[in-house]
*Asks:* 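First, the structure itself, so that you have it in front of you.
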Amino acid sequence: MSVADGARATDASISVNGSKLELIARGSGRPILFLHPHIGLEPAAPVLAMLASGGRLIAPSHPGFGRSELPPAVTTVDDLAYFYLDAMDALDLEQTLVVGVSFGAWIAAAIAIKSTARMSRLVLANPVGIKVGDRETRDILDVFAMLESEFHDKAFVDPVAARRDYRAMSEDELRIVARNRESAARFAWSPYMHDPKLSDRLHRIGIPTLVLWGAGDRLVDESYGRAFCAAVPRAKFERIEGAGHFPHLEQPKLFAERALAFAALNSRS
């Protein structure tokens, strides 16, 4: 196992049941597990350093994303949750603050309904993963049917800032973008962006939970986020202004401050 020590930032990896899990490790102190959304993990994202100021940040690329291997048996978000339980064992994480965004928040919730033995607090930002409306009602806009420009317009308050210059990317960077999209479709295509059983199991989350919501999200309505929050016992709901579906990217300082402040309450509760 190769993981960063101290405050030095590094690329690292661990083996989980024989499969390579790529991760970023920064900072020191109490562990913070950050689970990225379906668009992937950007090592240069300012939010990572900001979260690492409050503890030992572990930010993996999900199996099948980035450069992480995809075990043949991992085909659902439920499988990802069990994989991460094994990863937390391999990393020997204790009293972990788990922070997930969008698809990553879905994974975080799926972990927490199974076991919170290595977790202390849970932060879910613009989570997906449940069905709120009836069968004929689409809770989440179909990101797989959108042009990238439309996706940026719906997902970000400032869509211009989200644009990528693919011509300037290396072959390896382009491969990762394509791999992330493929894996997102693999795990979230059908049923679309939810597990039909998850909503009835959220009551099993027995640790303090904060639901953060980028107020400018136009992929998912705020009522969805509030319904998700209401299904988790004693969960708190907080809006983040000036951000859409990915508040960790548009408001990284505020996002990190809210998450770390919530974690700090643990010592007084």
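Values in this document were obtained by computation on a predicted structure and should not be read as measured data. These numbers come from the heavy atoms of this one structure, side chains and all, not from hydrogens, waters or symmetry mates.
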*Asks:* Any salt bridge (charged side-chain N to carboxylate O under 4.0 Å, His left out) pairs touching residues 141-160, not counting sequence neighbours?
*Replies:* E148-R181, D153-R218

*Asks:* For the atom pair NE2 (H248) and CD (E250), what is the distance rounded to the nearest 0.5 Å?
*Replies:* 10.0 Å

*Asks:* Please confirm whether R179 makes a cation-pi placement over F65, using NZ or CZ under 6.0 Å from the six-membered ring centre and within 45° of the ring normal.
*Replies:* no

*Asks:* Will you find, in the side chains of R186 and S183, an N or O donor that is under 3.5 Å from an N or O acceptor?
*Replies:* yes

*Asks:* Mind checking salt bridge (Lys or Arg N to Asp or Glu O under 4.0 Å) for R164 and listing every partner two or more places apart, or none if nothing turns up?
*Replies:* none

*Asks:* Before giving the answer on side chain to side chain contact (heavy atoms under 4.5 Å, CB included), spell out for F151 and L219 the whole-Å C-alpha distance, their side-chain angles and the decisive distance to 0.1 Å.
*Replies:* CA-CA 8 Å; F151 173 72; L219 287 177; 3.6 Å; yes

*Asks:* Report yes if some heavy atom in the side chain of Y84 is under 4.5 Å from a heavy atom in the side chain of V16; otherwise report no.
*Replies:* no

*Asks:* I'd like to check the ring-ring contact (aromatic ring centres under 6.0 Å, His included) partners of F228; sequence neighbours left out, ordered by chain and number.
*Replies:* none

*Asks:* In Å and rounded to the nearest 0.5 Å, what is the CG to CH2 distance from D221 to W213?
*Replies:* 7.5 Å

*Asks:* Assess the side chains of S61 and E22: does a donor N or O sit below 3.5 Å from an acceptor N or O?
*Replies:* yes

*Asks:* Name all residues meeting the side-chain hydrogen bond (donor to acceptor under 3.5 Å, both in side chains) criterion together with S19; count only those two or more places apart in sequence or in a different chain, and write none if there are none.
*Replies:* none

*Asks:* So, do V123 and L97 sit near enough that their side-chain heavy atoms are less than 4.5 Å apart?
*Replies:* yes

*Asks:* Taking L141's backbone N and O only, do any of them form a donor-acceptor pair with Y192's side chain (distance below 3.5 Å, no angle check)?
*Replies:* yes

*Asks:* Taking side chain as C-beta onward, heavy atoms only, is T137 less than 4.5 Å from D134?
*Replies:* yes

*Asks:* Take L91 and I14, measure what side chain to side chain contact (heavy atoms under 4.5 Å, CB included) needs, and give me the verdict at the end.
*Replies:* CA-CA 8 Å; L91 288 161; I14 62 169; 3.8 Å; yes

*Asks:* Under the rule for salt bridge (Lys or Arg N to Asp or Glu O under 4.0 Å), what residues qualify as partners of K236, not counting sequence neighbours?
*Replies:* E238

*Asks:* Would you tabulate the side-chain donor-acceptor contacts of residues 198-205 under 3.5 Å, counting partners in other chains and residues two or more places apart, or write 'none'?
*Replies:*
| unit_1 | atom_1 | unit_2 | atom_2 | d |
| --- | --- | --- | --- | --- |
| H203 | ND1 | D200 | O | 3.0 |
| R204 | NE | I113 | O | 2.7 |
| R204 | NH2 | I113 | O | 3.3 |

*Asks:* Sub-3.5 Å donor-acceptor pair from the side chain of D139 to the main-chain atoms of G133, do we have one?
*Replies:* yes

*Asks:* Tell me the closest heavy-atom pair linking W189 and A185, and the distance in Å.
*Replies:* CB-O, 2.8 Å

*Asks:* Would a 4.5 Å heavy-atom cut-off, applied to side chains only, mark R26 and I58 as touching?
*Replies:* no

*Asks:* A side-chain contact here means heavy atoms from C-beta on lying under 4.5 Å apart; do L85 and S115 qualify?
*Replies:* yes

*Asks:* Looking just at side-chain N and O atoms, do R121 and T96 make a donor-acceptor pair shorter than 3.5 Å?
*Replies:* no

*Asks:* Could you check whether any side-chain heavy atom of L33 comes within less than 4.5 Å of a side-chain heavy atom of P60, counting everything from C-beta outward?
*Replies:* yes

*Asks:* Suppose we screen for side-chain hydrogen bond (donor to acceptor under 3.5 Å, both in side chains). Which residues come up paired with S190, at least two apart in sequence or across chains?
*Replies:* none

*Asks:* Do any pairs count as a ring-ring contact (aromatic ring centres under 6.0 Å, His included) and have a residue in residues 109-137, sequence neighbours left out, and if so which ones?
*Replies:* none

*Asks:* Could you go through the side chain to side chain contact (heavy atoms under 4.5 Å, CB included) check for L122 and L210 one step at a time?
*Replies:* CA-CA 6 Å; L122 181 63; L210 172 65; over 6 Å; no

*Asks:* Relative to each other, are the rings of F187 and F103 parallel, tilted or perpendicular (30° and 60° limits)?
*Replies:* tilted

*Asks:* For V74, is there any backbone N or O sitting under 3.5 Å from a side-chain donor or acceptor partner on T76?
*Replies:* no

*Asks:* With salt bridge (charged side-chain N to carboxylate O under 4.0 Å, His left out) as the rule and sequence neighbours excluded, what pairs involving residues 105-115 come up?
*Replies:* D78-K114

*Asks:* Measuring from atom CD1 of I176 to atom CG of D172, what distance do you get when rounded to the nearest 0.5 angstrom?
*Replies:* 4.5 Å

*Asks:* For I130 and V132, work out which heavy atoms get closest and say how close.
*Replies:* CD1-CG2, 3.8 Å

*Asks:* With a 3.5 Å cut-off and sequence neighbours excluded, list the donor-acceptor pairs that the side chains of residues 34-47 form with protein atoms.
*Replies:*
| unit_1 | atom_1 | unit_2 | atom_2 | d |
| --- | --- | --- | --- | --- |
| H36 | NE2 | H62 | N | 3.1 |
| E42 | OE2 | A44 | N | 3.2 |

*Asks:* State, with a plain yes or no, whether a side-chain heavy atom of L48 is found less than 4.5 Å away from one of I24.
*Replies:* yes

*Asks:* Do the side chains of Y224 and V128 get nearer than 4.5 Å, heavy atoms only?
*Replies:* yes

*Asks:* Do NZ/NE/NH1/NH2 and the carboxylate oxygens of K197 and D195 come within less than 4.0 Å?
*Replies:* no

*Asks:* Apart from V157 itself, which Ile, Leu, Val, Met, Phe, Trp or Tyr residues share its cluster (side-chain heavy atoms under 4.5 Å, direct or through members)?
*Replies:* none

*Asks:* Mind checking the CD1-OG spacing from I207 to S120? Nearest 0.5 Å is all I need.
*Replies:* 6.5 Å

*Asks:* Give a yes or no on whether the backbone of G66 and the side-chain of N180 come within a donor-acceptor separation of less than 3.5 Å.
*Replies:* yes

*Asks:* Please table the atom pairs, donor to acceptor, closer than 3.5 Å between any side-chain atom in residues 239-247 and protein atoms at least two apart or in another chain.
*Replies:*
| unit_1 | atom_1 | unit_2 | atom_2 | d |
| --- | --- | --- | --- | --- |
| R239 | NE | E222 | OE1 | 2.8 |
| R239 | NE | E222 | OE2 | 3.4 |
| R239 | NH1 | E241 | OE2 | 2.4 |
| R239 | NH2 | E222 | OE1 | 3.2 |
| H245 | ND1 | D217 | OD2 | 2.6 |
| H245 | NE2 | S102 | OG | 2.7 |

*Asks:* Show the nearest heavy-atom pair for residues F237 and G225, with the distance to one decimal.
*Replies:* CE1-C, 3.6 Å

*Asks:* Please round to the nearest 0.5 Å and tell me the distance separating atom CD1 of I107 and atom CZ of F83.
*Replies:* 10.5 Å

*Asks:* To the nearest 0.5 angstrom, please state how far the OG atom of S68 sits from the CG atom of L23.
*Replies:* 7.5 Å

*Asks:* If every non-hydrogen atom of G214 is compared with every non-hydrogen atom of N126, which pair is closest and at what distance?
*Replies:* N-OD1, 2.7 Å

*Asks:* Taking T116 for its side chain and M119 for its backbone only, find out whether a donor-acceptor pair lies under 3.5 Å.
*Replies:* no

*Asks:* Charged N to carboxylate O under 4.0 angstrom, E94 versus R118?
*Replies:* yes

